[in-house]
Amino acid sequence: MIKKIPVIDLKQHQAVSGKSGMRDTYQPLKTVFAPSSSPVDIAQGLKLNGADEMYIADLDLIESVGHNINDVKMVNTILPVMFDGGVKNCESFEFFLDYAYKIIVPTETLESIEEIEKIFEKYPKERIVVSVDVKNNELLSKNFDMSLSEFKEVLKRLDPNEIILLDITGVGTEKGYNKKLFDEFEDLKDKLIIAGGLNKDSLGELESLGIKKVLIGTSLHSGEVNLLD
């Protein structure tokens with residue numbers, strides 16, 4: 001059975017929801033797992049429903065307008081957290097290791113390929129998750145100009161245990177997975193965690209294609225998709 005890793009985004013100490021990465025329009029998250037948008041309440045509800053890890057993105061940190069890392073640390077005592085705080089370099093990666101059990105290294109915020117190489121030289125792969133951030137079918141990065149296929153060659157060299165393939169354009173839309181993007185990375189499918197816009201139908205398709213893990217937010221929190229079915 002495909003593993004569904006629940007997702008929440010944090011902004012000003014509460015879980016929020018939105019679409020397609022338009023972060024300034026995000027609203028407090030309504031979820032079937034908790035009566036409030038408190039990340040701790042949601043984590044407890046997820047654990048009661050069978051979750052054994054979760055993904056948290058700290059939007060304030062990623063946008064450099066504050067942080068929610070103490071909330072993340074608290075959640076990590078309830079469920080192991082796969083954390084996206086907008087890692088820029090080896091130093092910021094090291095800092096976040098005290099707050100969560102796996103740290104995401106996203107192409108969106110990474111300063112350079114040299115910094116991801118340093119992270120892989122210094123830390124165990126069990127604690128590193130690379131996020132390939134994609135917008136409009138192109139690699140999203142603030143700091144390096146690379147095509148998806150060029151970054152894929154970097155990934156093959158680094159050989160991470162887990163790679164998130166995040167279609168930011170699809171986030172919150174429930175339109176299904178990005179087939180074009182999947183096809184480009186199919187030869188790495190044993191490592192892939194698919195994310196962005198997944199719905200009930202796409203889960204069955206991805207499972208038949210050999211995908212073992214997905215990140216799921218909107219359709220899980222709405223109750224359309226069950227955590228363990």
Side-chain angles (χ1 to χ4, degrees), residues 7-12 15-26 55-69 71-72 81-100 102-123 125 127-160 162-173 178 180-182 184-185 188 191-197 215 217:
V7 171
I8 61 170
D9 292 335
L10 295 187
K11 203 171 181 179
Q12 297 177 340
V16 294
S17 64
K19 288 186 180 178
S20 304
M22 295 182 289
R23 292 168 183 153
D24 53 346
T25 65
Y26 279 28
Y55 168 107
I56 297 180
D58 185 336
L59 301 185
D60 292 332
L61 252 179
I62 293 166
E63 298 285 350
S64 302
V65 293
H67 69 79
N68 301 273
I69 52 176
D71 303 271
V72 172
V81 172
M82 184 186 290
F83 179 54
D84 183 1
V87 161
K88 295 179 173 66
N89 50 37
C90 193
E91 191 179 20
S92 56
F93 181 91
E94 183 171 2
F95 177 79
F96 292 142
L97 287 171
D98 286 338
Y99 292 88
K102 287 181 186 172
I103 309 301
I104 291 160
V105 182
T107 60
E108 180 183 358
T109 54
L110 191 65
E111 281 177 2
S112 66
I113 296 303
E114 289 74 29
E115 289 299 325
I116 196 172
E117 287 168 344
K118 281 187 207 168
I119 290 166
F120 273 86
E121 282 165 19
K122 195 170 179 184
Y123 298 105
K125 287 182 182 179
R127 301 203 67 185
I128 308 167
V129 183
V130 179
S131 182
V132 182
D133 302 329
V134 179
K135 202 163 189 178
N136 302 319
N137 288 313
E138 292 187 354
L139 185 70
L140 179 66
S141 172
K142 292 174 180 173
N143 301 307
F144 49 86
D145 185 19
M146 232 181 206
S147 68
L148 274 169
S149 57
E150 284 169 335
F151 188 70
K152 188 172 144 187
E153 292 309 308
V154 174
L155 287 174
K156 286 181 175 176
R157 192 173 76 246
L158 295 171
D159 192 32
E162 293 181 307
I163 302 164
I164 294 169
L165 203 51
L166 174 58
D167 179 17
I168 291 171
T169 319
V171 167
T173 63
N178 183 329
K180 182 182 177 187
L181 186 57
F182 175 82
E184 189 154 352
F185 281 80
L188 294 172
K191 300 171 180 291
L192 292 183
I193 303 173
I194 303 295
L215 296 181

Looking only at heavy atoms, the pair that brings Ser64 and Lys88 closest together is OG-NZ, 4.1 Å
Out of curiosity, Phe144 CZ to Ile113 CD1, how far, rounded to the nearest 0.5 Å? 4.0 Å
Does the side chain of Val132 reach to within under 4.5 Å of the side chain of Leu139, using non-hydrogen atoms? yes
Could you tell me whether the side chain of Thr107 and the main chain of Asp133 form a donor-acceptor pair under 3.5 Å? yes
Checking Asp9 side chain against Val16 main chain: does a donor-acceptor pair fall under 3.5 Å? no
Output for pair (Ile164 CD1, Leu192 CG), nearest 0.5 Å, gives 10.5 Å
Can you tell me if CD on Glu117 sees more than 12 non-hydrogen neighbours from other groups inside 6.0 Å? yes
Can you tell if the side chain of Ser131 reaches within under 4.5 Å of the side chain of Asp84, non-hydrogen atoms only? no
Does any part of the side chain of Lys125, heavy atoms only, come nearer than 4.5 Å to the side chain of Asp159, both counted from C-beta? yes
Under 4.5 Å between any side-chain heavy atoms of Leu97 and Tyr123, yes or no? yes
Please round to the nearest 0.5 Å and tell me the distance separating atom CD of Glu108 and atom CG of Asn143. 10.0 Å
Rounded to the nearest 0.5 angstrom, the NZ-CD1 distance for Lys122 and Ile128 is 11.5 Å
4.5 Å side-chain heavy-atom contact, Ile56 and Asn68: no
Minimal non-hydrogen separation, Asn89 against Glu111, with atom names: ND2-OE2, 3.3 Å
Ring pair (Phe, Tyr, Trp, His ring centres under 6.0 Å) partners for Phe83, two or more places apart: Phe96
For Ile116 versus Val130, what's the shortest heavy-atom pair and its separation? CD1-CG2, 4.0 Å
Minimum heavy-atom separation for Asp60 to His67, with atom names? CB-N, 3.9 Å
Let me confirm one number: the CG-CZ distance from Leu110 to Phe93, rounded to the nearest 0.5 Å. 11.5 Å
For the student: nearest non-hydrogen atoms of Ile62 and Gly85, plus distance: CG1-C, 3.9 Å
Of the options Thr173, Asp167, Val171, which is the one that meets Thr169 in a side-chain contact (heavy atoms from CB on, under 4.5 Å)? Asp167
Answer yes or no: is there a donor N or O on one side and an acceptor on the other, between the side chain of Lys152 and the main chain of Leu188, under 3.5 Å? no
Could you give me the CA-CA distance, side-chain angles and deciding distance for Lys118 and Glu121, then say whether salt bridge (Lys or Arg N to Asp or Glu O under 4.0 Å) is met? CA-CA 5 Å; Lys118 281 187 207 168; Glu121 282 165 19; over 6 Å; no
CG of Leu10 to CG of Asp71: how many Å apart, nearest 0.5 Å? 6.0 Å
Would you check, one step at a time, whether the test side chain to side chain contact (heavy atoms under 4.5 Å, CB included) holds for Lys191 with Leu155? CA-CA 11 Å; Lys191 300 171 180 291; Leu155 287 174; over 6 Å; no
Taking atom CD of Glu91 as the centre, does the number of heavy atoms from other residues, nucleotides or ligands within less than 6.0 Å exceed 12? no
Identify the two heavy atoms, one from Gly86 and one from Pro106, that lie closest to each other, and give their separation to 0.1 Å. CA-CG, 4.2 Å
State, yes or no, whether a side-chain contact exists between Tyr55 and Val129 at a heavy-atom distance under 4.5 Å. no
Val154 and Met146, any side-chain heavy atoms less than 4.5 Å apart: yes
Of Val134, Leu166, Ile194, which meets side-chain contact (heavy atoms from CB on, under 4.5 Å) against Leu181? Val134
